[in-house]
Each structure stands twice: as structure tokens, then as C-alpha cells.
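Each remark here refers to the structure printed beneath this line.
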Amino acid sequence: MSAATDSSSLPARPMKWIRADVWTVGTVFFAAVIAAPILTVLILAASSSGDIWNHLASTVLPRYIRTTLGLMAGVGAGTAVIGVASAWLVTLCRFPGRQVFEWALLLPLAMPAYVVAYVYTDILEYAGPVQELLRQVFGWSSGRDYWFPEIRSLGGAAAMMTLVLYPYVYLLARIAFLQQSACVLEASRTLGLGPWRSFFSVALPLARPSIVIGVSLVLMESLNDFGTVDFFSVETLTAGIYDVWLNMNNTAGAAQLATVSLAFVLALIGAEKWSRRSQRFYTTSSKYRPLPNYRLKGSRAAIAFAVCLFPVAFGFLVPAGVLLNYAARFYEESLSANFLTYAGNSLILSSISAALAALLGLFMAYGVRMSGSPLLVAASRLASIGYAVPGAVLAVGVMIPLARADAAIDGLMRHLFGIPAGLLLSGTIVAVTYGYLVRFLALSYGTAESSLAKITPNMDGASRTLGMSPGRTLRRVHLPLIRGSVLAAAILVFVDCMKELPMTIILRPFNYGTLATQVHQFASDELLEESALGALAIVAAGILPVIILSATIRDTRPGHSGAKG
């Protein structure tokens, strides 16, 4: 049962699978609408695709799977090492610059992976400044005279994603380290363990559940990426879905590829849960003292500084600096390339999607709280898995029901009024907005659900005794208490919509662009300079959540009153 019905202060009610009230019916309806694209993909995949599946399975599918697995392995390993190491250093070590790195290590989170890929390709390719300098210094005359790693490769794509996705692991690992008991860490020191042995023997095993969740999020994001792999010509499942659907014009084949990608996602979720099977991590002390700090000096302090500086410099400072330089030099060209129009489109789409996601997430979370029905809980969970599904997969599922709805509306309009309706849904921004809702509703729903769970059920009971309806209770009691969390969720959805590329490319109306599609188009045409202003606008939108996260992360430790050092 939900928190709203398990309190001894409230009258006991028999558990029902579903009740006919506006909150229950509305929650089931919205959950069904949001889950429809995922179910559509599964149904479409079961239909005939001609010979395309046999052709894919015998030719490119094994390569898609190998490349996707290789990409995920590289990104997972890289983000785990960088995220855990930097989180440990800034949490339990003292060295110059630590307080700056606490928030600066989150900055690459604002940088889309495809933007970083465009920048480093421009810097590291044969005609770029790095190889040019090497040829001048060593007197090399051509590429045959030396070896240089190929940036447009599987390894290059993994490196680019690692630089911007490691903050997921850093954030969760740092929170886990902050919440660990000082008593346990001090006990390890009394047993003669130094900082490194304490880290590997005590702190790391205790933080493992959070680290596994962070790496799982990273792997899902790398599976969703399209801009980087498309620019680097890396053949992953996501790129394959895009190719089969739009280039081969075979939606059933794209849906079948999408189910393979969906299987990867479900395997990740299952592996994450399996890794925590029968394991519980509890804090046995209610007293929280300041965590022990290992003061680093000399070469150790320099190494710690370099370890933390590396991801910040290469994941944010260098790309941002290059973009600023290009934007300043090509400001007029960028503005003349419909920048303001695309920026307006991005703001409108992202704002509408964020507002709808916040409202629907709050409505569904409150419906689950009011009812506690297992059916509602299951429906809400199903509607919330969209965030774990690649955007290209969801785009396939979004277009099919909208196209059929358009056909039905058009037929009805022709029958009743003798005029065609056109593509009212699939040919407008309705399709893009719907896709954004399906993918990002989990952010707002999860935030609203966790925030409502912290409000005692006694407040619901007191409100009912005063004659207030559930709607008035939500408006006058719950919403003032959780409005900060709801606003934060809306901001996160807004930023993710600004960066979203694969769904936007597939679902956008004809001749309708956003900043993300403009940046991708310019970069694909080797016009990085003209894309710099749009890329900076996307990055600027992502800075706000980073500020919010960095301002609140220290407070995750109970009893925290402001750390120093």
C-alpha cells in the first residue's frame, strides 16, 4: 500500500485493484498513453518485415551488437574509474583546489556528447592544430611519417562519451561516500589500513550499489547516443535503427532492431538488480561525525589535483573555450543561419514538454499515493521506463500510433465535411512533444513520488477531516511542500529536451529545426564554426541543473553543517 493508506491514524480500507475516481482513472489513462510507444514497438516487431530481418541478421546485426557492446564496455570502464576516483578524492582527501573541484567536476554534465565529439574532431583530425603542430615540431611531411590515434573510431566515441557521462558516477559515488559512517572508516585506520587500503577494503564495497546504479545510467545514455556515433560513423544499434527506418523505409525492421536495443536496456536493469540481490547496506550508527580527511602533500597533492583537473579540463573547459572562440569569430554567420528561429523552437518545445511532464508526473504520483492500488503502481512503473529506452526506439513507437490516429481523423473529416485533415499529430510538434514526454516523464514522476513519500499520511487524514477534497489537499497542503522538487524536475526535463537529438531528428515536422538538429547538421557538413553559437546555447541551458546539484550535494550527509577544507 502507499504511504497514504498505511498509517494507523487513518481508517483501514480494504485493498482494491482499482477505484473509479478521477485520480485513479486519470493515472491509468496517462500511464497507458505514455507506455503506448513501447508496447507499439513490441507489437510492430512481431509483424512481418519481409526479408529485411534475415538480411540484417546475416550482414550487419552482429557488427551492430559487437560495436554496441564495445562502446558500452569502454564508456562504462572509463566513467567508473574517473567518477569513483574523483569522488573519493574530493570527499575524503584534502588538497589544493578541492572545494572548487567539488562542483567543477559536475560541469561536463552540461556538455552534450555530440558537441564534444565535434570539437575534438576539429582539434585532433589530420588538418587540426594538434597534428599540424606535431608535423612542424618534428619535421614530418605527411601522415605516413607518424602514427596518431584516429578520433573517428569506436575508441574515440567511447572517449568522448566518457568525458561527459562520468558525472553520473561521480555524483552517486560522492553521495555514497558522504553518507558513510565515520566510525567504520576510523575502525579501518585503527586496524592499520592506510588511505588506499581503506578505500578498497571498506569505502568502495559500501559504495558499490550507488556506483553500479551510476554506471547503469551511463550505459543507458551511451546506448541512446546518436549524434556521436553518427558523426564518427560507428555502427551501433541506435544508428542501425535510424538507417533501417529512414533510409531503408522499413518500420517493422527498425522495430525489430529496436527490440534488440530494448533487450540491452532490460539486461542492464536486470544486471543492476541482480548485483544487489540479497544484499543490504545499513548505517549502524545514528551519530554522524565529520568524515576523516586524509591531508595530501607534495607529489600526492599534485597527483590528486591532476586527477580531478583532467576530466574538468577535457570534458568542459577545452570544448567550451573552443566554442566560445568560434562563436565570437563567426557570430554573424551563426545568427544569419536561422539561429534565433531554432533557438525559439527549442525553447518552446522544451518549455511545453517540461511543464507537461511536471504536471503529469505530479498527477500520477498523487494518484498512486491516493489509491495504493497494485494496478496503479504497475502502470506507473511501466510508464516510467521510457527514460531507460533509447530515443530512436521510442521514436519508432511514437510515430506509428500517431500516424494511425492521423489517418482516422483524416477519414472522419473527409466523411463529415469533405475536407482533408492532414497530419495533425505526426506532422506537427505534437509528435516531438509526445516523444519527449514518453522519454522524460520518469524524471518528474520519480521526483514527485519520492517527495510525496516524505509527507506524513497524517496530513491527508487531517485534510479530509476538514472537508477538503483530494484536489484541494494537493494544491494547499502537498504542493507548497514539494514545489521545489517539482520545479527541479521540470528544469532537468527542460535541459534534457534541449539536448535530445535522435528523437528530434526523427519526429520533427518537415523543415522544422531545433538547436540540437542545427548543431548536428552543421557539424555533419564540417561547419563546426557556424554551429558553435547553438552548441553554446545548449551548454548554457545545462549549467543551471549543475548549479542546483553542486549547491545541494554537500547536504546529503545527515548532520551536515557545511564542510570546510
Side-chain angles (χ1 to χ4, degrees), residues 67 70-71 73-75 77-79 81-82 85-86 97 104 107-108 111-166 225 227-236 298-334 519-536 539:
T67 305
L71 180 67
V75 176
T79 54
V81 171
I82 295 176
S86 56
L107 288 175
M111 191 76 65
Y114 54 85
V115 171
V116 174
Y118 304 154
V119 170
Y120 278 106
T121 299
D122 196 55
I123 294 175
L124 299 177
E125 64 182 355
Y126 179 80
V130 172
Q131 292 200 52
E132 251 184 31
L133 179 62
L134 289 175
R135 289 194 294 270
Q136 291 177 3
V137 171
F138 295 100
W140 295 325
S141 57
S142 69
R144 294 189 297 270
D145 297 332
Y146 65 98
W147 175 85
F148 195 85
E150 177 58 52
I151 183 66
R152 296 197 184 196
S153 63
L154 177 62
M160 299 301 101
M161 294 185 198
T162 297
L163 287 175
V164 299
L165 294 178
Y166 80 85
D225 183 272
T228 306
V229 297
D230 178 63
F231 188 64
F232 282 2
S233 299
V234 176
E235 295 178 313
T236 63
S299 59
R300 292 185 177 182
I303 293 173
F305 184 88
V307 167
C308 294
L309 178 63
F310 174 83
V312 177
F314 291 99
F316 183 81
L317 297 179
V318 171
V322 171
L323 292 175
L324 279 171
N325 178 47
Y326 287 160
R329 289 166 49 197
F330 294 87
Y331 181 76
E332 293 184 0
E333 290 86 343
S334 299
V519 170
H520 176 258
Q521 184 61 54
F522 273 133
S524 299
D525 295 339
E526 306 294 337
L527 299 172
L528 179 64
E529 294 84 357
E530 283 81 351
S531 73
L533 191 60
L536 278 178
V539 173

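Remember, predicted model here, so these are calculated numbers, not experimental data.
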In Å and rounded to the nearest 0.5 Å, what is the [atom1] to [atom2] distance from [X] to [Y]?
| X | Y | atom1 | atom2 | answer |
| --- | --- | --- | --- | --- |
| Ser142 | Tyr126 | OG | OH | 5.5 Å |
| Cys308 | Ile82 | SG | CD1 | 11.0 Å |
| Ile123 | Ile151 | CD1 | CD1 | 9.5 Å |
| Leu536 | Leu323 | CG | CG | 4.5 Å |
| Tyr166 | Phe310 | OH | CZ | 10.0 Å |

Of all the heavy-atom pairs spanning [X] and [Y], show the shortest one and how long it is.
| X | Y | answer |
| --- | --- | --- |
| Gly78 | Thr162 | C-CG2, 3.6 Å |
| Val115 | Ala535 | CG1-CB, 3.8 Å |
| Ala117 | Phe232 | CB-CZ, 3.8 Å |
| Phe231 | Ala523 | CE1-O, 3.1 Å |
| Asp230 | Ser524 | OD2-OG, 4.4 Å |
| Val539 | Pro112 | CG2-CD, 4.0 Å |

Is any side-chain heavy atom of Val322 closer than 4.5 Å to one of Tyr120?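 Side chain of Tyr120 against side chain of Val322, heavy atoms only: no contact under 4.5 Å found.
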Flag side-chain contact, heavy atom, 4.5 Å: Thr121 against Leu528: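 No - every pair of side-chain heavy atoms lies 4.5 Å or more apart.
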Given Leu71 and Met161, is the side chain to side chain contact (heavy atoms under 4.5 Å, CB included) satisfied, shown in steps? CA-CA 9 Å; Leu71 180 67; Met161 294 185 198; 3.7 Å; yes
Run Met111 and Leu163 through side chain to side chain contact (heavy atoms under 4.5 Å, CB included) and show every step you take. CA-CA 9 Å; Met111 191 76 65; Leu163 287 175; over 6 Å; no
When you look at Phe138 and Asp145, which way does the side chain to side chain contact (heavy atoms under 4.5 Å, CB included) test go after all the steps? CA-CA 10 Å; Phe138 295 100; Asp145 297 332; over 6 Å; no
Backbone N or O of Arg329 within a donor-acceptor pair of the Asn325 side chain at under 3.5 Å?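 No; zero donor-acceptor contacts below 3.5 Å.
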Does the Glu150 side chain pair with the main chain of Arg152, one donor and one acceptor, at a distance under 3.5 Å? yes
Given the rule in the side chain to side chain contact (heavy atoms under 4.5 Å, CB included) test, do Tyr146 and Gln131 qualify, once you have shown the distances and angles that lead to the verdict? CA-CA 10 Å; Tyr146 65 98; Gln131 292 200 52; 2.6 Å; yes
Can you tell me how the ring of Tyr114 sits relative to the ring of Tyr118, calling it parallel under 30°, perpendicular over 60° and tilted otherwise?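 Tilted, since the angle between the ring planes falls between 30° and 60°.
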